[in-house]
Amino acid sequence: MSSNEVLISGKHVSKIFGYGKNKTTAVSDVSFDFHKGEIISIVGESGSGKTTLAKILMGLLKETSGDVAYKGQPRQLRSHKDRKNYWKDIQAIFQDPFSSFNLFHKVEKLLLDCIKLQGLELTKEEQERKMKEACSFVNLKFEELYNKYPFELSGGQMQRLMIARIFMLHPRVLIADEPTSMVDACSRSTILDMLLKLRDENGMTIIFITHDVGLAYYVSDTLYIMEKGKIVESGGAEEIILRPQHRYTKQLIADVPKIHEAWNLEA
Ligand SMILES: Nc1ncnc2c1ncn2[C@@H]1O[C@H](COP(=O)(O)OP(=O)(O)OP(=O)(O)O)[C@@H](O)[C@H]1O
Ligand SMILES: [Mg+2]
């Protein structure tokens with residue numbers, strides 16, 4: 001499904017927090033090429049630098065060194081206008097859904113803001129139709145939720161609402177940082193299926209971040225394995241799972257011995 005067109009690339013990207021004794025190298029000299037329509041998983045245990053890398057990709061954190069390019073050009077995020085344009089194309093959902101929403105806005109307003117962000121001039125009926133369509137994409141009922149605040153929703157409903165917003169904004173790139181952390185296994189596979197549908201229907205590039213190599217295998221074309229800030233192995237998902245080369249990758253896979261059974265996949 002992915003094309004050969006490189007959408008985002010990084011060369012020798014590093015991020016160091018703090019100074020002297022308190023120095024942490026969260027991301028250490030990583031290079032990558034993410035293609036249009038590709039689903040990439042970044043896999044690693046807690047503290048390996050996944051969220052830091054996601055924030056660099058989003059332009060929420062500045063890399064300490066290295067270069068990030070978008071559509072073949074060095075990424076420019078200096079002015080407000082640069083950032084606004086970039087965020088039209090690149091959106092993220094983070095581990096904690098509360099961090100993504102304005103808690104003082106009801107669901108209807110949160111969805112209306114997506115229409116506004118796109119600069120669409122729509123009638124009230126058209127707006128409502130768009131919001132209903134987005135909700136039904138994620139199996140939520142707009143009529144039941146439009147008048148509620150985020151804190152009145154369950155964790156799973158909130159995560160679906162985040163995906164409904166992505167459906168409305170249809171960015172070129174979605175960074176999904178542990179988007180299934182607050183839901184049970186059943187809702188988890190529904191959310192993953194929604195992400196796959198976004199890619200299939202809109203050609204979205206999805207960067208999926210997880211500590212779970214089994215989930216990563218289930219959704220991805222390509223895996224990047226991170227250990228202590230470094231990418232220790234990358235390549236086709238199947239190739240890596242069937243023939244891991246690096247010690248750390250082997251260990252991650254050994255931790256989910258039933259990976260093939262769990263996802264009904266053939267070895
Ligand atoms: N703002 C910050 N200031 C200082 N250190 C930070 C900051 N953000 C992250 N770190 C450190 O950088 C390292 C990587 O953190 P990061 O959040 O990227 O890990 P992660 O792979 O997303 O982990 P998890 O799976 O637990 O979410 C950790 O050692 C963390 O303590
Ligand atoms: Mg994280």
Side-chain angles (χ1 to χ4, degrees), residues 8-32 34 39-68 75 77 83 90-101 155-156 158-159 162-163 166 173-185 188 191-192 195 205-220 222-234 237 240-241 244 246-256 259:
I8 305 186
S9 63
K11 297 247 176 319
H12 307 295
V13 175
S14 296
K15 178 72 194 177
I16 299 169
F17 291 110
Y19 299 94
K21 262 200 260 164
N22 295 321
K23 196 165 110 171
T24 306
T25 305
V27 173
S28 178
D29 192 17
V30 305
S31 295
F32 47 84
F34 299 151
I39 300 191
I40 304 109
S41 281
I42 299 174
V43 190
E45 63 196 7
S46 184
S48 56
K50 305 180 300 294
T51 297
T52 306
L53 181 58
K55 288 184 174 165
I56 290 172
L57 291 171
M58 266 305 281
L60 297 172
L61 274 178
K62 174 99 183 84
E63 58 278 7
T64 310
S65 58
D67 299 297
V68 179
R75 191 176 60 166
L77 294 174
R83 288 192 292 272
I90 302 196
Q91 286 280 326
I93 46 186
F94 283 105
Q95 279 166 315
D96 167 18
F98 281 105
S99 67
S100 308
F101 292 132
M158 238 180 315
Q159 275 173 324
M162 288 201 293
I163 296 174
I166 297 299
V173 181
L174 169 64
I175 301 170
D177 190 355
E178 304 268 8
T180 61
S181 56
M182 285 181 66
V183 295
D184 56 42
R188 179 173 303 149
I191 286 184
L192 295 174
L195 294 181
T205 303
I206 300 180
I207 301 163
F208 181 72
I209 292 175
T210 181
H211 59 268
D212 185 333
V213 74
L215 276 189
Y217 176 45
Y218 177 65
V219 295
S220 323
T222 310
L223 302 183
Y224 282 80
I225 311 290
M226 266 186 105
E227 183 193 25
K228 297 184 187 140
K230 290 198 162 62
I231 290 171
V232 294
E233 186 163 0
S234 65
I240 287 189
I241 297 296
H246 194 274
R247 162 199 54 76
Y248 181 66
T249 317
K250 288 180 186 165
Q251 181 194 324
L252 283 178
I253 294 170
D255 288 344
V256 270
I259 194 165

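Counting convention: from 1, in listed order, for ligands and their atoms alike.
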Q: Look at the N, O or S atoms of S46, main chain and side chain alike, and state whether any lies under 2.8 Å from the Mg ion (ligand 2).
A: no
(Q) Under 4.0 Å, heavy-atom basis, I'd like to know which part of T24 is in contact with ligand 1: side chain, backbone, both or neither. (A) side chain
Q: Apply salt bridge (Lys or Arg N to Asp or Glu O under 4.0 Å) to E227 and list each qualifying residue two or more places apart in sequence or on a separate chain.
A: R247
Q: Quickly, which of I40, I90, T205 forms a side-chain contact (heavy atoms from CB on, under 4.5 Å) with I8? Name it, please.
A: I90
Q. At their closest point, which heavy atom of K62 faces which heavy atom of K15, and how far apart are they?
A. O-NZ, 2.7 Å
Q. Quick one: ring pair (Phe, Tyr, Trp, His ring centres under 6.0 Å) partners of Y248, sequence neighbours excluded?
A. none
Q. N/O to N/O below 3.5 Å, does that happen between G47 and ligand 1?
A. yes
Q: Below 4.0 angstrom from a heavy atom of S48, which ligand 1 atoms are there? Numbered from 1 as shown, please.
A: 19 (O), 21 (O)
Q) Below 3.5 angstrom, do we get any N/O pair linking G49 and ligand 1? A) yes
Q) Can you tell me if G18 has a non-hydrogen atom under 4.0 Å from ligand 1? A) no
Q: State whether the side chain of K50 and the backbone N or O of G44 hold a donor-acceptor pair below 3.5 Å, judged by distance alone.
A: yes
